[in-house]
Amino acid sequence: MTADTATTLFEEHRPVLLGIAYRMLGRAADAEDVVQDAWIRWSAGDRTDVREPRGFLVRITTRLAVDRLRQIKARGETYVGPWLPEPHVTDFGDTVTDTAERAVLADSVSLAVLVVMETLSPLERAVFVLREAFGYPYADIAAMLDRGEAAVRQLGARARRHVDERRPRYDVDPARRRDLTERFLDAAAGGDLAGLMELLAPDVRLVGDSGGKARAPLRVLEGADHVGRFFVGVAGKGLPDVSVRMVELNGGPAVLVLSGGKPDTVVQIDADGDRIRTVYVIRNPDKLAALTALP
């Protein structure tokens with residue numbers, strides 16, 4: 001295998017490797033680092049006996065991501081306020097044509113699922129991502145992780161049960177979710193409390209992530225009145241040179257608020273079809289920096 005061929009093969013599989021690493025880590029920068037480390041090992045290693053480049057690269061990336069996740073957990077870093085994943089652009093375009101596959105990939109990268117996956121062990125998370133999002137057989141996953149197949153099946157079952165028990169599950173038509181998002185944006189931007197109350201479920205939750213680096217609730221707000229009044233208060237304060245865009249993030253429509261042309265806030269909702277059940281607000285500037293590159 002020539003160096004040019006090796007580069008071409010790696011670039012061909014880079015989107016899959018990034019997809020695995022991001023779902024494993026919930027952090028775009030860490031995912032990029034892991035994939036770069038995988039490239040270094042791929043380009044510098046002996047590829048003579050590699051018969052299935054994709055499987056080989058997925059194995060390298062998964063093991064590196066497991067190691068990175070263990071390091072993060074071992075550091076025991078304290079995060080200021082609620083934690084949410086870094087927003088991730090998920091415009092699949094023509095790369096995924098199957099509707100069911102699109103739905104699975106979008107669900108596996110949703111904010112709700114990624115938050116729950118933070119509570120899994122690194123190995124549970126690896127098995128969950130490879131099995132549920134990318135459909136790898138347990139035998140292949142066992143070889144990638146150098147574990148017995150029976151043990152991997154147990155890890156997968158435990159992870160699946162854990163995620164199912166803790167994540168909200170709302171099957172909402174994408175067009176309906178976008179409509180709710182746009183109506184929510186109009187009501188919030190206009191400081192329309194009555195309009196917000198029509199959209200918010202009585203037990204709605206607002207999860208704000210600022211990392212202590214921007215203004216956002218340092219605890220989860222619960223109840224339509226609290227959440228609605230929060231957004232009315234935000235609208236009253238305003239931002240300088242503000243503009244708003246609808247973008248596709250983490251498998252669904254999201255609101256990107258810019259101030260002076262720079263990303264300031266991402267807002268995304270989960271809904272049950274008629275009412276908004278959860279509102280996610282991400283304001284940590286470190287997590288929004290990558291969105292500057294959006295066209």
Side-chain angles (χ1 to χ4, degrees), residues 15-35 58-59 61-79 81-90 92 101-136 138 141-142 144-145 147 151-171 205 207-209 211 220 249-252 254 266 268-270 277-278 280-282 284 286-287 290:
V16 171
L17 305 182
L18 281 171
I20 291 170
Y22 174 76
R23 286 167 175 80
M24 282 287 298
L25 300 163
R27 303 158 180 86
D30 285 340
E32 292 280 1
D33 288 346
V34 161
V35 172
V58 167
R59 182 177 68 180
T61 301
T62 301
R63 291 187 176 187
L64 288 170
V66 167
D67 290 343
R68 177 66 64 94
L69 196 55
R70 284 172 172 160
Q71 292 167 9
I72 292 170
K73 289 182 177 292
R75 288 199 299 263
E77 298 170 350
T78 301
Y79 196 80
W83 178 91
L84 290 171
E86 185 174 340
H88 178 63
V89 178
T90 50
F92 298 117
E101 185 181 356
R102 273 178 175 267
V104 170
L105 287 171
D107 181 69
S108 70
V109 81
S110 69
L111 295 181
V113 168
L114 289 174
V115 167
V116 175
M117 282 203 286
E118 279 291 298
T119 62
L120 299 177
S121 73
L123 283 177
E124 286 173 340
R125 191 161 181 169
V127 175
F128 183 87
V129 168
L130 293 172
R131 177 66 178 175
E132 302 295 334
F134 294 92
Y136 279 97
Y138 282 117
I141 299 172
M144 292 176 189
L145 297 176
R147 295 289 192 281
V152 166
R153 286 181 177 275
Q154 289 181 343
L155 286 168
R158 190 160 60 238
R160 177 77 265 176
R161 184 169 58 251
H162 184 92
V163 172
D164 283 344
E165 288 173 351
R166 289 163 176 79
R167 63 153 293 187
R169 182 174 292 279
Y170 310 123
D171 295 322
R205 301 168 71 249
V207 184
D209 179 333
V220 176
L249 299 174
N250 292 84
V266 162
Q268 192 170 58
I269 66 166
D270 271 342
R277 308 304 301 246
T278 309
Y280 301 102
V281 178
I282 303 175
N284 185 336
D286 296 340
K287 295 185 177 182

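Side-chain contact between V16 and I20 is present, with at least one heavy-atom pair separated by less than 4.5 Å. Using a 4.5 Å heavy-atom cutoff, the side chains of V129 and M117 are in contact. Using a 4.5 Å cut-off on side-chain heavy atoms (C-beta onward), F134 and R23 make contact. Counting heavy atoms from C-beta outward, W83 and E118 have side chains that approach closer than 4.5 Å. With a 4.5 Å cut-off on side-chain heavy atoms, L114 and R167 do not count as touching.
A donor-acceptor contact closer than 3.5 angstrom links the side chains of D209 and Y79.
A donor-acceptor pair under 3.5 Å links the side-chain atoms of R131 to the main chain of Y136, judged by distance alone. In this structure a side-chain-to-backbone donor-acceptor pair under 3.5 Å is missing from R277 to R205. With hydrogens and angles ignored, the 3.5 Å screen pairs a side-chain donor or acceptor of Q268 with a backbone N or O of L249.
Judged as a side-chain contact (heavy atoms from CB on, under 4.5 Å), and not counting sequence neighbours, the contacts of E124 are L120, S121, L155, R158, A159. Scored by the side-chain contact (heavy atoms from CB on, under 4.5 Å) test, V115 finds L84, P85 as partners (sequence neighbours excluded). For Y22, the ring-ring contact (aromatic ring centres under 6.0 Å, His included) partners at least two apart in sequence or on another chain are H88. Residues satisfying the side-chain contact (heavy atoms from CB on, under 4.5 Å) criterion with R70, sequence neighbours excluded, are V66, D67, P122, L123, R147. With sequence neighbours excluded, the residues forming a side-chain contact (heavy atoms from CB on, under 4.5 Å) with A65 are M24, V34, listed by chain and number. Residues satisfying the side-chain hydrogen bond (donor to acceptor under 3.5 Å, both in side chains) test with R27, not counting sequence neighbours, are none.
Contact record, G156 with V127: CA-CG1, 3.5 Å, taken as the closest heavy-atom pair.
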